[in-house]
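Report on the following structure.
Everything numeric in this text was worked out from a predicted model, so none of it was measured. Residue numbers begin at 1 in each chain, while the letters A, B, ... track the order of the sequences.
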2 protein chains.
Amino acid sequence: MPVKDWLPAAVRAAAIDRKLKAGEALFRLGDRSAGFCEVIAGRVRMARVDRAGHEVILYVAGPGETLAEASLFSPAYHCDAIASTDATVRIYPKAAMLAAFDKDPKAAQAFGATLARQVMNLRTRIEQRNIRSARERVRHYLSVNAGADGRSVDLQGTLKDLAAELGLTHEALYRTLAALERAGEIKRSRGKITLLRPRKGG
Amino acid sequence: MPVKDWLPAAVRAAAIDRKLKAGEALFRLGDRSAGFCEVIAGRVRMARVDRAGHEVILYVAGPGETLAEASLFSPAYHCDAIASTDATVRIYPKAAMLAAFDKDPKAAQAFGATLARQVMNLRTRIEQRNIRSARERVRHYLSVNAGADGRSVDLQGTLKDLAAELGLTHEALYRTLAALERAGEIKRSRGKITLLRPRKGG
DNA sequence: CGGCGTTTTGAGAGAGCTCAACATCGGTGG
DNA sequence: CCACCGATGTTGAGCTCTCTCAAAACGCCG
């Protein structure tokens, strides 16, 4: 549900827009949380860095999507938010949000629903990350991210970005896509993948 | 935060207790959501089954912990809930919860905080699942689940259960624990692991 | 045209999975 | 008390698959 539909006017009025260059951090793990954000333009990724120094991507938010919902109830951010492209984000201050929830149960509930969606989203990602086989992981991604027709997936950004989001090396992803195409399972075109043998479930 | 501290009396009064045998399902993916649950006794795991038929464990709830929070805003459950041991759960009906949120912003906010914790929890699990090395994954688990002293981890259930929760085969877990013990990094005793060289971060 | 990042393909090595055998522990029943 | 039985715990060997390191096209932009 778009933010516009449930966020009280008082909160929207308190929002602050911020522009980010590609690679620039909106916030880092441990920063004091200022509020939650809506991506207006571009793409912003939520990530953590593991002990080996690898970036673990938790979520990539595009225009209209929100991030850092959970930070409203926490004094600090629990992961990094970094612009993957040049981006514009709108920050809704924490204090205004919490105040609004007290006065407007509808807003509080809508926010709860947003958080609930986050939870489901994260669960799907855990399922994906649990798959060790590159081929199955890609299949899982494609079936989860297939468009309304269930057959085509639009790719945002580069394949290298996608590899990072999938938690694979870019070599593994290239090879896997090539193999799937050779097997007649998918068809690749500019910024798009078409499933030729759509699978159920996933 | 314990459920007792924020759940309105009206909702608590509407709760229903249910006993489960080990292995019995509280609900399955796709079932119409009835409400959210608190584990009174025993352990209940949230899981999905992947295409290869393997169970992917999303969360294991023990006494006092809650599950299926997100289902309040969804018509159906998004994963399975299965008792790992004989267990008792308390079900708080969806309708009573939503009604309470309308009247009691405090409760709605506390619920939001609970969901936010879920989100953080899931993020940590994604980070864990992103680690391919069994040794590092076990280290990550130990550091995240270390007790207040930061040096000991109490194990619930069997090592086999733990292996499933970590997303490793039980053989890999046995070998890894044995190797860590040989390396003098941990000490194992009945249902407990002690870290001999506590690590920062993780 | 030159430079840089993405896309591809190759070869080798490490690590976990699978299959398999065996030890250990707890409970059951004779 | 002991034999039996199932599940957990443990170790071994081989295989597959991804990661890593390397190198070469390809595409885009100044």
Should the pair [X]-[Y] be classified as a salt bridge under the 4.0 Å nitrogen-to-oxygen rule?
X: Arg90(A); Y: Asp17(A); answer: yes
X: Lys160(A); Y: Glu171(A); answer: no
X: Glu55(B); Y: Arg45(B); answer: yes

Given atom [atom1] of [X] and atom [atom2] of [N], what is their separation to the nearest angstrom?
X: Leu166(B); N: dC17(C); atom1: CG; atom2: P; result: 11 Å
X: Leu162(B); N: dG9(D); atom1: CG; atom2: P; result: 10 Å
X: Leu180(A); N: dT8(C); atom1: CG; atom2: C1'; result: 16 Å
X: Glu171(A); N: dC17(D); atom1: CD; atom2: C1'; result: 14 Å
X: Arg175(A); N: dC19(D); atom1: CZ; atom2: C1'; result: 9 Å
X: Arg182(A); N: dT8(C); atom1: CZ; atom2: C1'; result: 11 Å
X: Glu136(A); N: dC17(C); atom1: CD; atom2: C1'; result: 15 Å

query: In Å and rounded to the nearest 0.5 Å, what is the CG to CG distance from Leu168(B) to Leu159(B)?
result: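 Leu168(B) atom CG to Leu159(B) atom CG measures 12.0 Å (nearest 0.5 Å).
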Every protein N/O lying under 3.5 Å from an N/O of nucleotides 26-30 of chain D:
none

- prompt: Between dC17(C), dT20(D), dT18(D), which one does the side chain of His54(A) approach most closely?
  reply: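 Comparing dC17(C), dT20(D), dT18(D) against the side chain of His54(A), the answer is dT20(D).
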query: Taking the side chain of Ala134(B) as its heavy atoms from C-beta onward, which of dT18(D), dA11(C), dG16(C) lies nearest to it?
result: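 The answer is dG16(C).
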- request: Find the bend of the helix from dC1(C)-dG30(D) to dG30(C)-dC1(D) as the angle between its two terminal axes (five pairs each), to the nearest 10°.
  value: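 Comparing the axis at each end, I get an angle of 30°.
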Distances for protein N/O vs nucleotides 12-14 of chain C N/O pairs under 3.5 angstrom?
none

task: Assess whether one donor atom and one acceptor atom, taken from the side chain of Arg137(B) and the base of dG16(C), lie less than 3.5 Å apart.
output: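 Per atom types, no contact qualifies.
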Pairs touching residues 172-184 of chain A that satisfy salt bridge (charged side-chain N to carboxylate O under 4.0 Å, His left out), sequence neighbours left out: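 Every candidate salt bridge (charged side-chain N to carboxylate O under 4.0 Å, His left out) pair involving residues 172-184 of chain A fails, so no pair, neighbours aside, qualifies.
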task: Keeping to residues at least two apart or across chains, list the salt bridge (charged side-chain N to carboxylate O under 4.0 Å, His left out) pairs with something in residues 24-35 of chain B.
output: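 Counting only pairs at least two positions apart or across chains, the salt bridge (charged side-chain N to carboxylate O under 4.0 Å, His left out) contacts touching residues 24-35 of chain B are Arg18(B)-Glu24(B), Arg28(B)-Asp80(B).
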Under 3.5 Å, which N/O atoms of the protein pair with N/O atoms of nucleotides 5-7 of chain C?
{"residue": "dT6(C)", "atom": "OP2", "partner": "Lys160(A)", "partner atom": "NZ", "Å": "3.0"}
{"residue": "dT7(C)", "atom": "OP1", "partner": "Leu159(A)", "partner atom": "N", "Å": "3.2"}
{"residue": "dT7(C)", "atom": "OP2", "partner": "Leu159(A)", "partner atom": "N", "Å": "3.2"}
{"residue": "dT7(C)", "atom": "OP2", "partner": "Lys160(A)", "partner atom": "N", "Å": "3.0"}
{"residue": "dT7(C)", "atom": "OP2", "partner": "Tyr174(A)", "partner atom": "OH", "Å": "2.8"}
{"residue": "dT7(C)", "atom": "O5'", "partner": "Tyr174(A)", "partner atom": "OH", "Å": "3.4"}

- prompt: Do Gln128(A) and Tyr141(A) have side-chain atoms, one donor and one acceptor, less than 3.5 Å apart?
  reply: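 Distance-only check fails for Gln128(A) and Tyr141(A).
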query: For the residue pair Phe101(B) and Phe73(B), does the interplanar ring angle fall in the parallel (under 30°), tilted (30 to 60°) or perpendicular (over 60°) class?
result: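 Taking Phe73(B) first and then Phe101(B), their aromatic rings lie parallel (interplane angle under 30°).
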- request: Give one of base, sugar-phosphate or nothing for Arg132(B), where a contact means two heavy atoms less than 4.0 Å apart.
  value: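 Sugar-phosphate, backbone atoms only, no base.
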